[in-house]
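What follows is a set of notes on a single structure, which appears directly below.
Residue numbers run from 1 in the order of the sequence given.
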Amino acid sequence: MITAVFPGSFDPPTYGHLNIIERTCRLFDRIDVAISINPDKTCLFSAGERLAMLKELTKGFDNVQVHTCNTLIVDYCRAVGAKVLLRGIRNTTDFSYEFDLSLMNKSLNGEVETLLVPTEQRYFLIRSSSIKEVARFGGDVSGMVPAMVADAIKAKYKGL
């Protein structure tokens, strides 16, 4: 059984994230979506909120599981028996960053291979930080995130 881990902050989960999950779940026996918990990063949504959203958004995929992760991702891979780390990329800037990160991860756990998965073209411009900025100023993010996520973002900014 081949397990792949797809890590990220998923703050918020986007159509780009779901595109990577949908496409890779056909390639691996199991996809473990690992929501990274980084105490140095300020997130709009709590870890529990992101976990609940991603569980709901991926419930139609039989081989996708969603968990939180508060360790190095290569240690998480070791703990769940994964040999593949999935990273989504949109452009050459993402590629450069992810390439360097893959070398670091390989040096920390030589058993894990990183696969860089380009997103489909229609999702090239979707990035979490832009979504939050557009939403903060009352813009429409419905083309970038599922409806339940758009509603959750609106509710967050309404409460601020």
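- Under the 4.5 Å side-chain heavy-atom criterion for Ile, Leu, Val, Met, Phe, Trp and Tyr, I31 and M53 are members of the same hydrophobic cluster.
- When hydrophobic clusters are built by joining Ile, Leu, Val, Met, Phe, Trp and Tyr residues whose side-chain heavy atoms come closer than 4.5 Å, directly or via intermediates, L54 is not grouped with V5.
- When hydrophobic clusters are built by joining Ile, Leu, Val, Met, Phe, Trp and Tyr residues whose side-chain heavy atoms come closer than 4.5 Å, directly or via intermediates, V117 is grouped together with I21.
- Nearest heavy-atom pair across V141 and I131 is CG1-O, 3.6 Å.
- Between the side chain of T14 and the main chain of G16, a donor-acceptor pair closer than 3.5 Å is present.
- Environment of CE in M104: sparse, with no more than 12 heavy atoms of neighbouring residues, nucleotides or ligands closer than 6.0 Å.
- For the pair S96 (side chain) and T93 (backbone), a donor-acceptor distance under 3.5 Å is absent.
- Between the side chains of N19 and E120, at least one donor N or O lies within less than 3.5 Å of an accepting N or O.
- Around CG of L27, the count of heavy atoms belonging to other residues, nucleotides or ligands within 6.0 Å exceeds 12.
- Distance alone, capped at 3.5 Å, is enough to place a donor-acceptor pair between the R90 side chain and the I126 backbone.
- At least one side-chain heavy atom of F45 sits under 4.5 Å from a side-chain heavy atom of I153.
- Side-chain contact annotation: D140 with S142, donor-acceptor N/O pair under 3.5 Å present.
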Quiz prompt | Full working for side chain to side chain contact (heavy atoms under 4.5 Å, CB included) between V64 and D62 | solution = CA-CA 6 Å; V64 175; D62 294 335; over 6 Å; no

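- Note on Y157: it clusters hydrophobically with F10, by side-chain heavy-atom contacts below 4.5 Å among ILVMFWY residues.
- When atom types are taken as modelled, the side chain of D11 and the backbone of C43 share no donor-acceptor pair closer than 3.5 angstrom.
- Taking 4.5 Å as the limit, some side-chain heavy atom of V66 sits within range of a side-chain heavy atom of L51.
- In this model, no donor atom of one side chain and acceptor atom of the other lie less than 3.5 Å apart for Y76 and N70.
- For T92 (side chain) and F95 (main-chain N/O), no donor-acceptor pair under 3.5 Å exists by modelled atom type.
- When all heavy atoms are compared, the tightest approach of D40 to N38 is N-OD1, 2.9 Å.
- Judged purely by atom type and a 3.5 angstrom limit, R50 uses its side chain to pair as donor or acceptor with the backbone of S9.
- At a threshold of 4.5 Å between non-hydrogen side-chain atoms, the residues S128 and H17 count as touching.
- A salt bridge does not link R87 with D94: none of the charged nitrogens is closer than 4.0 Å to a carboxylate oxygen.
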Exercise. Start with the C-alpha gap between V112 and K106, add the side-chain angles, then the distance that decides, and say whether side chain to side chain contact (heavy atoms under 4.5 Å, CB included) holds.
Key: CA-CA 6 Å; V112 173; K106 187 71 170 170; over 6 Å; no

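- Considering CD1 of I20 and CD1 of I89, their distance stands at 8.5 Å, rounded to 0.5 Å.
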Quiz item: Can M144 and S130 be said to form a side chain to side chain contact (heavy atoms under 4.5 Å, CB included), step by step?
Solution: CA-CA 10 Å; M144 298 178 255; S130 298; 5.8 Å; no

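- In terms of modelled atom types and a separation under 3.5 Å, the side chain of N63 and the main chain of F28 share a donor-acceptor contact.
- Remark: the backbone N or O of E49 is paired with a side-chain donor or acceptor of S46 at under 3.5 angstrom.
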Practice problem: Evaluate the salt bridge (charged side-chain N to carboxylate O under 4.0 Å, His left out) criterion for residues R136 and E133: first the C-alpha distance (whole Å), next the side-chain angles of each, then the deciding distance (0.1 Å), finally the verdict. | Solution: CA-CA 5 Å; R136 185 180 314 119; E133 186 173 352; 5.5 Å; no

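- Summarising the geometry, atom CD1 belonging to I35 is positioned 10.0 Å from atom SG belonging to C69; distances are rounded to the nearest 0.5 Å.
- Under the 4.5 Å side-chain criterion, counting only non-hydrogen atoms from C-beta, T114 is not in contact with V84.
- In this structure a side-chain-to-backbone donor-acceptor pair under 3.5 Å is missing from N105 to V74.
- From S36, atom OG reaches atom CG of L72 across 10.5 Å, with rounding to the nearest 0.5 Å.
- What you find for R30 and D32 is that their closest heavy atoms are NH2-OD2, 3.2 Å.
- In the hydrophobic clustering of this structure, L18 groups with V145; members are Ile, Leu, Val, Met, Phe, Trp, Tyr whose side-chain heavy atoms approach within less than 4.5 Å, directly or through other members.
- Taking both residues in full, the closest heavy atoms of R23 and T119 are given as NH1-CA, 3.8 Å, listed atom of the first, atom of the second, then distance.
- Here K158 contributes atom NZ and K154 contributes atom NZ; the two are 8.0 Å apart, rounded to the nearest 0.5 Å.
- Minimum heavy-atom separation, P7 to L86: CD-O, 3.2 Å.
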Exercise. Carefully, step by step, assess F6 and L85 under the rule side chain to side chain contact (heavy atoms under 4.5 Å, CB included).
Key: CA-CA 6 Å; F6 181 38; L85 190 57; over 6 Å; no

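- Of all the heavy atoms in Y15 and G143, the pair that sits closest is CD1-O, 3.4 Å.
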